[in-house]
Amino acid sequence: MNLHEYQGKEILNSFGVKIQRGIVVNNYKKAVAAAKQLTAETGTGWHVIKAQVHAGGRGKGGGVKLAKSLTEVETFSKEIIGMMLVTPQTSKEGKKVNQVLICEDVYYPGEFEHEEFYMSVLLNRATGRNMIMYSTEGGMDIETVAEETPHLIFTEEIDPAIGILAFQTRKIAFNLGLSGNAFKEMTKFVSALYTAYIKSDASMFEINPVLKTSDAKIIAVDAKVSIDANALYRHKDYMAMRDFREENPIEVEASAVGLNYVDLDGNVGCMVNGAGLAMATMDLIKQSGGEPANFLDVGGTADAERVEAGFRIILKDAAVKAILVNIFGGIVRCDRVAQGIVDAYTNMGDAIKVPIIVRLQGTNAKEAKELIEKSGLDVISVTEFQEAADKVKEVLV
Ligand code: GDP
Ligand code: MN
């Protein structure tokens, strides 16, 4: 589950990670009040207005603005709240901004030059260890750094059974070129960040930039946080942070009825039982010249109700030109599934306007094929994988 910057920062703060302070608001009046409050609490003169959407690169898209007066706080908040923010990480339509984070300005002048670092914590699946990736080249496109100057990104692996050790936090601070108070601050920052990552059951933290302020403090200016959805039952407070407005509405609806659905860009809808078979089916669709419109695993119980729910979800995507149902009858009998398809189809009447190709294989496949053929519905029934692919090709032309 992805979180907004302000929510990520809240979690970091709760584990003692220093952050750029901010107040989230949804209109310009509250924005001005928030700015006044921040000035009273932190002494900040300027403020940063930051769009809260689930996408990075907001700065590049005009979603992060420095306000040098309360009038500018008002102007920029009016401008950003409600806008469709387009960044390198959104679609070309962009994302609607519902809220902005009003932040203290942390790039104030002082004794030292400020410096922007990159830091992320995530799991290295190959080694089964956590890792901290970090770089002196923060603030800009880390993807470009990774591509053009990969030697500027360091990795520190941490054994999850042991946890982060003091020498590792010092090594990171050293590699970032820090000394004196900033060095000490960085070791504390890294250790708190790692603890936060573990205790919050996160799957990823990305802090870009981590800022060394002009008075040698180390703080998180941005926070991209993902919490492992399978661990959310342990964190009721994080569960409440889920912002459905940021998610694909079809996917939200599918998850509400317990279907494992992922929206894709293609034209052939698919309904399959089992994730492995679903992947193979998507490959098959590609081979036959189509593009999968979705990934949909209906799971073990492909009864009429679930099949109908599946059809309805798939058909919400206007790009779908055909539906391929590919079910392997192991424990679930094919004739049961076939009956489910017939019932669902009959129930839905005119709602289905695209050809449906059904491939049922396994227990009682023959009976299933007969059942579908006898139903007189506009459903193409096949038993072989390749036949299914050929039919998809046929109906697409
Ligand atoms: P992103 O573009 O979505 O990654 O958003 P960030 O939170 O990383 O902000 C983008 C950029 O805004 C940062 O790299 C900074 O250069 C700038 N920025 C953020 N906070 C401040 C601030 O307090 N003062 C100033 N002057 N610039 C800031
Ligand atoms: Mn950033």
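When a ligand or atom number is given, it counts from 1 through the structure's own listing order. Heads up: numbering here begins at 1 and tracks the sequence.
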Is it the case that ligand 1 has an N or O less than 3.5 angstrom from some N or O of [X]?
X: Gly59; value: yes
X: Gly56; value: no
X: Arg58; value: yes

Heavy atom to atom 23 (O) of ligand 1, shortest distance: which of Ile219, Thr213, Val106 holds it? Val106
Selected option - heavy-atom contact closest to atom 7 (O) of ligand 1, from Glu5, Lys50, His47, Lys224: Lys50
Against heavy atoms of [X], which atoms of ligand 1 measure under 4.0 Å?
X: Leu66; answer: 26 (N)
X: Asp105; answer: 22 (C), 23 (O), 24 (N), 25 (C), 26 (N)
X: Val221; answer: 19 (C), 20 (N)

Side chains of Arg129 and Asn124 only: does a donor on one sit below 3.5 Å from an acceptor on the other? no
Looking only at side chains, do Ser91 and Glu93 share a donor and an acceptor under 3.5 Å apart? yes
Give a yes/no verdict on whether any heavy atom in [X] is under 4.0 Å from an atom of ligand 1.
X: Cys103; answer: no
X: Gln20; answer: yes
X: Glu104; answer: yes

